[in-house]
Number of protein chains: 2
Amino acid sequence: MSENVPIKAVDRTLAILQTLGEYDTVGVTALAEDLDLPRSTVFNHLKTLESGEYVVNDGGEYRLGSRFLELGAKARDFHDVYEAARGEVSRLAEETGEISALLIEEHGLGVFLYRSEGEGSVHIDSFTGQRIYLHGAALGKAILAGLPESRVDGIVQRRGLPTLTDNTVTERDELSAELAEIAEAGVAFDDEERLDGLRSVAAPIYDGEEVLGSVSLAGPSSRVYGDRFREEFPAKVADAASAAELNLTYS
Amino acid sequence: MSENVPIKAVDRTLAILQTLGEYDTVGVTALAEDLDLPRSTVFNHLKTLESGEYVVNDGGEYRLGSRFLELGAKARDFHDVYEAARGEVSRLAEETGEISALLIEEHGLGVFLYRSEGEGSVHIDSFTGQRIYLHGAALGKAILAGLPESRVDGIVQRRGLPTLTDNTVTERDELSAELAEIAEAGVAFDDEERLDGLRSVAAPIYDGEEVLGSVSLAGPSSRVYGDRFREEFPAKVADAASAAELNLTYS
DNA sequence: GAATCTGTTTTACATTGTGGGACAGGGATG
DNA sequence: CATCCCTGTCCCACAATGTAAAACAGATTC
């Protein structure tokens, strides 16, 4: 990579935006301290972002502007699988009373494109746009299982296989073996591998040979066990994935 | 404003992001031509954005990354009115079979925070995050009616009162008169003022003395007329707004 | 197989982002 | 009521850095 990339000023603006997102609203001084940058520098960036209407100045304090909603919607709409699967995800959540979600891969991580919580489902602090490790969730493994070995290697190399819970798969060999099983079965399981107490089942959504994403059904281990975990949920997510695939071809 | 704001490099990155959003995926050359910038400059910006994982490189072509989903969700979550009103908006759409939406004000424009389409509703090409003129819609006028005169002046001065359809209110006096009516009635109307063939009714959502946003109900003039337009819809949006206000205080 | 696209790399110069420091105003403190 | 110490904002000089022309390599086209 040449000398003048990344562009320092742009990198800083991105860092400022990210940090800004961690606050509700925040002043220049606090933001500058958090980022370990001079106040005047942060100020110049904020004023630039404000003039572009990407940031809002609320009486001296700053916050993210809703222009990012627009960019986010466009980023999401690029993925046809969103429109194709959204309805199925909502239906799964409603039918089971648990949590259902849609994940895609990007930059070697999983990104939630959509989530739906059924009535009485546990509340998990995750949200649209959240990024997770692929190896640590049924959703992620379902996607990995559909990628060529070389891409899986690249992702593992880039992101590693960090431990998330006691059950997380952290060995490359073990992961490969599991991905092979998943590819055959068409369903992936997650037994408290990402979050303690949470089990989930996921199925990949294909467009021909290519995995576009995956759908899941997740709930607390106290409610998800036995046949419900091993039979009912797999059948339901597989159905939902098939329905989404059908929607994809007719649109 | 001092000489070194806006920061040119940041401004360019913002322009690149915006233009990027207008394409599905796009190459460096096309993007550079669209923006009238040298290819190498655009390239440097794209590579910087890519290294920050805000942009995705799909085999030479680029597109917006889903990190903006995350920023967008955070920008939206800042507005408590979103959580408070979302359910009501969905309910309105479901009950009437028409379109319902939630709008807030930002930088003198209206921003859709949420939208819901009932079964059989007309499909309008608008989306979460879309920005509209406040004077040209029931939603916007409902908000304007709740702002102090000085702020309305500021907004009109900044954004003007451009003509959107033959019915758009484009005179400052006329707008003032209508805002006064709206403030009294608690409901705003839009009779094909923003889009031909579309009528809508909106009510403001207050937190004490302050307007936080507005909810609307909209449909084609062929279905929205007479008592439905003048009685039923106003009653429904007012109810929804009240319910949202209640949700705000108990959360 | 030549021509012409593409994304990418290189390079050198002038522009411009940077950051220390100063300023005005508001709140808190005494 | 005066002092102090915050805050966001502004100024400015200099070195760093973003810029853009031109060259490059690989596809695609003709």
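What you see is a predicted model; the values in this text were computed from it and never measured. Chain identifiers are assigned alphabetically (A, B, ...) following the order of the sequence lines, protein sequences preceding nucleic acid strands; residue numbering begins at 1 within each chain.
With sequence neighbours left out, A:E50 forms a side-chain hydrogen bond (donor to acceptor under 3.5 Å, both in side chains) with A:K47. Qualifying side-chain hydrogen bond (donor to acceptor under 3.5 Å, both in side chains) partners for A:S242, counting only residues two or more places apart in sequence or in other chains: none. Scanning for side-chain hydrogen bond (donor to acceptor under 3.5 Å, both in side chains) contacts around A:S126 gives A:R115, with sequence neighbours left out. In this structure, the side chain to side chain contact (heavy atoms under 4.5 Å, CB included) partners of B:R39, at least two apart in sequence or on a different chain, are B:V28, B:T29, B:A32. The side-chain hydrogen bond (donor to acceptor under 3.5 Å, both in side chains) test applied to B:E149 returns B:R172, not counting sequence neighbours.
Between the B:E105 side chain and the B:G108 main chain, a donor and an acceptor come within less than 3.5 Å of each other. Side-chain atoms of A:R159 come within 3.5 Å of backbone atoms of A:H107 as a donor-acceptor pair (strictly under, hydrogens ignored). The backbone N or O of B:L37 lies less than 3.5 Å from no partner atom in the side chain of B:T41, so there is not a single donor-acceptor pair. Here the side chain of A:D207 pairs no donor or acceptor atom with the backbone of A:E210 at under 3.5 angstrom. A:D190 contributes no side-chain N or O that, together with a main-chain N or O of A:A137, makes up a donor-acceptor pair within less than 3.5 Å.
The stretch residues 32-41 of chain B touches DNA chain D through B:P38, B:R39, B:S40, B:T41, each having a heavy atom within less than 4.0 Å of the strand. Applying a 4.0 Å cut-off to non-hydrogen atoms, the residues of residues 9-18 of chain A that approach DNA chain C are A:A9, A:R12, listed by residue number. Of the residues in residues 58-67 of chain B, those placing a heavy atom less than 4.0 Å from an atom of DNA chain C are B:G60, B:Y62, in numerical order.
Rounded to 10°, the helix from C:dG1-D:dC30 to C:dA28-D:dT3 has 40° between the axis fitted to its first five pairs and the one fitted to its last five.
Atom P of nucleotide D:dC10 and atom CD of A:E50 are separated by 11 Å, given to the nearest angstrom. Atom CG in B:L31 sits about 17 Å away from atom C1' in C:dC5, given to the nearest Å. One can place CZ of A:F43 at 15 Å from C1' of C:dG21, the figure rounded to the nearest angstrom. Separating the NZ atom of B:K47 from the C1' atom of C:dG7 is a distance of 8 Å, rounded to the nearest angstrom. Rounded to an integer number of Å, the gap from A:N4 CG to C:dA12 P is 13 Å.
B:E22 has no carboxylate O lying under 4.0 Å from a charged side-chain N of A:K74, or vice versa, which leaves the two without a salt bridge.
Residue B:K8 has no polar side-chain atom (N or O) positioned under 4.0 Å from OP1 or OP2 of C:dT15. The side chain of A:N44 contributes no N or O atom lying less than 4.0 Å from OP1 or OP2 of D:dG8. Considering only side-chain N and O atoms, A:H45 lies nowhere under 4.0 angstrom from the phosphate OP1 or OP2 of C:dG17.
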Please set out all donor-acceptor pairs under 3.5 angstrom arising from side-chain atoms of residues 63-70 of chain A, sequence neighbours excluded.
from, atom 1, to, atom 2, distance (Å)
A:R63, NE, A:D58, OD2, 3.1
A:R63, NH2, A:D58, OD2, 3.4
A:S66, OG, B:E106, OE1, 2.8
A:S66, OG, B:E106, OE2, 3.2
A:R67, NH1, A:G52, O, 3.1
A:R67, NH1, B:Q18, OE1, 3.4
A:R67, NH2, B:Q18, OE1, 3.3

Which pairs would a plain distance check flag for residues 5-13 of chain B, meaning a side-chain donor or acceptor within less than 3.5 Å of a matching protein atom at least two apart in sequence or in another chain?
from, atom 1, to, atom 2, distance (Å)
B:T13, OG1, B:H45, ND1, 2.6

Could you tabulate the donor-acceptor pairs under 3.5 Å formed by side-chain atoms of residues 139-147 of chain B, not counting sequence neighbours?
from, atom 1, to, atom 2, distance (Å)
B:K141, NZ, B:E178, OE2, 2.6
B:K141, NZ, B:F189, O, 2.8
B:K141, NZ, B:E193, OE1, 2.7
B:K141, NZ, B:E193, OE2, 3.4

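Between A:V28 and A:I7, the one whose closest nucleotide on DNA chain D sits nearer the 5' end is A:V28.
When distances run from any side-chain atom of A:T29 to the nucleotides D:dG8, C:dG7, D:dA20, the shortest one goes to D:dG8.
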